[in-house]
Amino acid sequence: MDTIISFFRNYVAWLAIPEFTVTDVLEIVIIAYAFYHIILWIKDTRAWMLLKGMILLGLIFLAAVILEMNVVLWVFRNAMVVGIMALVVIFQPELRGALEQLGRKNILTSLASFDNQKSKNERYTEKSIQAIIKATYEMAKVKTGALIVVEKEIQCREYERTGIPIDSEISSQLIINIFEHNTPLHDGAVLVRDNRIVAATCYLPLSNNLEVSKELGTRHRAGLGISEVSDSLTIIVSEETGFVSLACDGKLYRKIDADTLQLRLFEASKRVLDDRRKKWWKGRRKDEKQDND
């Protein structure tokens with residue numbers, strides 16, 4: 001009997017649940033709430049790509065510790081302070097936006113909407129997709145230049161602030177009217193997020209890719225540029241030729257048809273495609289090249 005009691009004292013007693021106070025529970029709730037919103041912020045900005053890079057650097061650092069690579073460890077230690085300062089400078093717009101959202105946020109509302117955000121399984125309805133396709137090819141027929149940024153995982157808040165807020169349901173008539181010649185909103189890009197046109201006349205970063213044809217104008221370079229810093233899908237209608245192009249993942253696909261655009265928008269929307277259409281799209285992607293206007 002003494003042996004059993006001794007065993008429980010030495011090996012099982014530490015498994016006992018510690019006493020909880022109201023302060024402990026409050027601390028857990030605050031930390032969990034903070035971590036949840038930090039993860040959401042990282043997921044919706046360019047910091048998500050940065051996080052992947054930091055994980056890779058962490059693995060390299062771990063390997064350096066295990067293998068006792070003293071020079072590598074010295075570099076890591078000395079670059080740490082400079083790296084933190086560089087991150088603050090690079091992500092200053094995102095950090096400012098996060099603090100602004102924190103100031104406007106209703107804590108009770110955000111807690112109540114947790115399940116709604118989690119249960120969301122698609123970004124764009126078929127009605128929204130068809131409206132974008134109809135507007136794109138109606139403008140292509142009459143050679144109306146257009147630039148439409150369709151967001152996916154990463155939200156382009158930094159570029160949204162450069163435009164004029166719209167916050168309207170997606171409709172082909174509205175998109176066509178925005179890009180109509182000599183109208184106040186026709187210059188710049190339209191930003192689309194979650195079945196809403198959130199802003200127009202947005203200024204996008206231009207691509208510095210030297211392999212892009214010199215014949216391409218600012219509109220194509222802006223569409224390619226936003227695809228290099230986010231995972232968005234950017235639709236470009238050429239004002240000179242009326243051809244429709246698509247920029248995504250830092251690549252530019254020229255002269256795409258309505259069926260191809262529909263498949264890419266369905267993919268961006270997380271909507272399920274049947275096997276036949278998936279195989280057709282995979283074969284199509286192999287044949288696509290970055291050709292000129």
| query | Is there a donor in the side chain of S207 and an acceptor in the side chain of R221, or the other way round, less than 3.5 Å apart? | reply |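 Side-chain D/A pair, S207 to R221: absent.
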[atom1]-[atom2] distance between [X] and [Y], expressed to the nearest 0.5 angstrom:
X: I256; Y: F243; atom1: CD1; atom2: CZ; value: 12.5 Å
X: S172; Y: K127; atom1: OG; atom2: NZ; value: 10.0 Å
X: T162; Y: L204; atom1: OG1; atom2: CG; value: 7.0 Å
X: L59; Y: I55; atom1: CG; atom2: CD1; value: 7.5 Å
X: L206; Y: E228; atom1: CG; atom2: CD; value: 10.0 Å
X: I60; Y: M69; atom1: CD1; atom2: CE; value: 10.0 Å

Quick one: side chains of residues 176-185, donor-acceptor pairs under 3.5 Å with protein atoms, not counting sequence neighbours, listed by atom name and distance.
| unit_1 | atom_1 | unit_2 | atom_2 | d |
| --- | --- | --- | --- | --- |
| T183 | OG1 | I178 | O | 3.3 |
| T183 | OG1 | E180 | O | 2.6 |

Do you know which two heavy atoms are closest between [X] and [Y], and how far apart they sit?
X: I197; Y: E169; result: CD1-O, 4.2 Å
X: A247; Y: I236; result: CB-CD1, 4.2 Å
X: G223; Y: L147; result: CA-CD1, 4.0 Å

Counterpart residues, side chain to side chain donor-acceptor pair (under 3.5 Å), relative to [X] (two or more places apart):
X: S232; value: S230
X: R193; value: E151, E160
X: T201; value: none

Under a single-linkage definition using a 4.5 Å side-chain heavy-atom cutoff for Ile, Leu, Val, Met, Phe, Trp and Tyr, are [X] and [Y] assigned to the same hydrophobic cluster?
X: L67; Y: F61; result: yes
X: V237; Y: V142; result: no
X: I28; Y: L26; result: no

| said: For R196 and I170: C-alpha separation, side-chain torsions, deciding distance, then whether side chain to side chain contact (heavy atoms under 4.5 Å, CB included) applies. | reply: CA-CA 5 Å; R196 308 286 293 181; I170 298 174; 5.7 Å; no
pair [X]-[Y]: side-chain heavy atoms closer than 4.5 Å:
X: L246; Y: L252; answer: no
X: V65; Y: F76; answer: no
X: V149; Y: V192; answer: no
X: C156; Y: I226; answer: yes
X: I235; Y: L261; answer: yes
X: T136; Y: I148; answer: yes
X: V244; Y: Y137; answer: yes
X: C202; Y: V190; answer: no

| request: Please name all residues satisfying ring pair (Phe, Tyr, Trp, His ring centres under 6.0 Å) with Y203, sequence neighbours left out, ordered by chain then number. | output: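 Ring pair (Phe, Tyr, Trp, His ring centres under 6.0 Å) list for Y203, sorted by chain: empty.
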| request: Check whether more than 12 heavy atoms from other residues, nucleotides or ligands sit under 6.0 Å from atom NZ of K134, and answer yes or no. | output: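 At most 12 heavy atoms, drawn from other residues, nucleotides or ligands, come within 6.0 Å of this atom.
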| query | Hydrophobic cluster mates of V75, side-chain heavy atoms under 4.5 angstrom, ILVMFWY only, any path? | reply |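 Members alongside V75: W74.
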| said: Donor-acceptor check, side chain of S227 to backbone of L224, threshold 3.5 angstrom: yes or no? | reply: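 Checking the backbone N and O of L224 against the side chain of S227, a donor-acceptor pair under 3.5 Å is found.
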| request: Please test L216 against R254 for side chain to side chain contact (heavy atoms under 4.5 Å, CB included), starting from the C-alpha separation and ending with a verdict. | output: CA-CA 11 Å; L216 298 179; R254 309 301 312 283; 3.1 Å; yes
| Note: R219-E239 ion pair, threshold 4.0 Å (strictly below) |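 Salt bridge between R219 and E239, a charged N being under 4.0 Å from a carboxylate O: yes.
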| request: Could you walk me through whether H220 and S245 pass side chain to side chain contact (heavy atoms under 4.5 Å, CB included), step by step? | output: CA-CA 8 Å; H220 289 81; S245 303; 3.7 Å; yes
| Stepwise side chain to side chain contact (heavy atoms under 4.5 Å, CB included) test for Y159 and L191 | CA-CA 9 Å; Y159 307 105; L191 194 61; 5.6 Å; no
